[in-house]
K.L.:
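My structure is below; once you've seen it, I'll send some questions.
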Amino acid sequence: LTSDPLDLGHNHTLEWTAFTPDRALNPQYNGIPDIDRFGAIIRHPRSDGVGECAGGVVFESYGAILIAAVTPSAAGARWNVESWDPLTISPSVLCTACGDHGFIRAGRWINA
Ligand SMILES: [Zn+2]
């Protein structure tokens, strides 16, 4: 599944990430279905203004809970999806690489 990035405004764009493992190589995922909107990559200007950066989020879902259970090393924070279209997630998104911080509400980036 591919699609154009969503323009969130403030020079932030969002691309969905999917969970589509090769189950022949990763049989631990045999009981877990593919997830089209597993999470997202959020591309943005670095908070210091020098260059581009990207951060990722994983959405809370039953599938994500199952994946975390079989791959504890991959388990991390998960975001609640309050609305898919337009997209609203909680809590806020903080980029650990550059410190960019904001909210995604009603399909728009809102600086924190
Ligand atoms: Zn960043």
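These numbers were taken from a predicted model, which means no experiment stands behind them.
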K.L.:
Identify every side-chain donor-acceptor pair in residues 102-110 under 3.5 Å, counting partners at least two apart or on other chains, and give the distances.
P.N.:
| residue | atom | partner | partner atom | Å |
| --- | --- | --- | --- | --- |
| Trp109 | NE1 | His12 | NE2 | 3.4 |
| Trp109 | NE1 | Asn111 | OD1 | 2.8 |

K.L.:
Do you reckon Ile65 sits in the same ILVMFWY cluster as Tyr29, going by side-chain contacts under 4.5 Å, direct or chained?
P.N.:
no
K.L.:
Could you grab the distance from atom CD1 of Ile67 to atom OG of Ser61, nearest 0.5 Å is fine?
P.N.:
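Between Ile67 CD1 and Ser61 OG, I get 6.5 Å after rounding to 0.5 Å.
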K.L.:
If two hydrophobic side chains count as joined below 4.5 Å and joins carry through other members, does Trp16 share a cluster with Val93?
P.N.:
yes
K.L.:
CG/Leu14 to CD1/Ile89 distance, rounded to the nearest 0.5 angstrom?
P.N.:
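Interatomic distance, Leu14 CG to Ile89 CD1, rounded to 0.5 Å: 7.5 Å.
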K.L.:
Under a single-linkage rule joining Ile, Leu, Val, Met, Phe, Trp and Tyr whose side-chain heavy atoms are separated by less than 4.5 Å, which residues share a cluster with Ile41?
P.N.:
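Reading the cluster by chain and number, Ile41 sits alone, since nothing else belongs.
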K.L.:
Using the test ring pair (Phe, Tyr, Trp, His ring centres under 6.0 Å), find all partners of Phe38 that sit at least two apart in sequence or belong to another chain.
P.N.:
Phe19
K.L.:
Quick one: side chain to side chain donor-acceptor pair (under 3.5 Å) partners of Ser90, sequence neighbours excluded?
P.N.:
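Partners of Ser90 by the side chain to side chain donor-acceptor pair (under 3.5 Å) criterion, ordered by chain and then number, come out as Glu82.
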K.L.:
For Pro5 and Thr13, which heavy atoms make the closest approach, and how far apart are they?
P.N.:
CB-CB, 4.1 Å
K.L.:
For Ser83, what residues pass the side chain to side chain donor-acceptor pair (under 3.5 Å) criterion, not counting sequence neighbours?
P.N.:
none
K.L.:
Using the salt bridge (charged side-chain N to carboxylate O under 4.0 Å, His left out) rule, collect all pairs that involve residues 61-77, keeping only residues at least two apart or in two chains.
P.N.:
none
K.L.:
Looking at every heavy atom in both Thr17 and Ala40, which two are closest together, and how far apart are they?
P.N.:
OG1-N, 3.4 Å
K.L.:
With Ser92, which residues qualify under side chain to side chain donor-acceptor pair (under 3.5 Å), at least two apart?
P.N.:
His101
K.L.:
Suppose we screen for salt bridge (charged side-chain N to carboxylate O under 4.0 Å, His left out). Which residues come up paired with Asp7, at least two apart in sequence or across chains?
P.N.:
none
K.L.:
Under 3.5 Å, which donor-acceptor pairs do the side chains of residues 51-60 form with other protein atoms, sequence neighbours left out?
P.N.:
| residue | atom | partner | partner atom | Å |
| --- | --- | --- | --- | --- |
| Glu60 | OE1 | Arg78 | NE | 2.6 |
| Glu60 | OE1 | Arg78 | NH2 | 3.4 |

K.L.:
Taking Asp22 for its side chain and Ala24 for its backbone only, find out whether a donor-acceptor pair lies under 3.5 Å.
P.N.:
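Between the backbone of Ala24 and the side chain of Asp22 there is a qualifying donor-acceptor contact (under 3.5 Å).
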K.L.:
How would you list, by chain and number, every residue that makes a side chain to side chain donor-acceptor pair (under 3.5 Å) with Asp48, sequence neighbours excluded?
P.N.:
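In terms of side chain to side chain donor-acceptor pair (under 3.5 Å), with neighbours along the sequence ignored, Asp48 is linked to Arg46.
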K.L.:
Using the test side chain to side chain contact (heavy atoms under 4.5 Å, CB included), find all partners of Asn30 that sit at least two apart in sequence or belong to another chain.
P.N.:
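Partners of Asn30 by the side chain to side chain contact (heavy atoms under 4.5 Å, CB included) criterion, ordered by chain and then number, come out as Arg23, Pro27.
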K.L.:
Taking the side chain from His44 and the backbone from Ile42, do they hold a donor-acceptor pair closer than 3.5 Å?
P.N.:
yes
K.L.:
Is there a path of hydrophobic side-chain contacts, each under 4.5 Å between heavy atoms, that joins Val81 and Tyr62?
P.N.:
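No, separate clusters.
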K.L.:
Which salt bridge (charged side-chain N to carboxylate O under 4.0 Å, His left out) pairs, counting each pair once, include a residue from residues 86-95, with sequence neighbours left out?
P.N.:
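Every pair satisfying salt bridge (charged side-chain N to carboxylate O under 4.0 Å, His left out) with a residue in residues 86-95: there are none.
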K.L.:
What's the shortest heavy-atom distance between Asn11 and Pro45, and which atoms?
P.N.:
O-CD, 3.3 Å
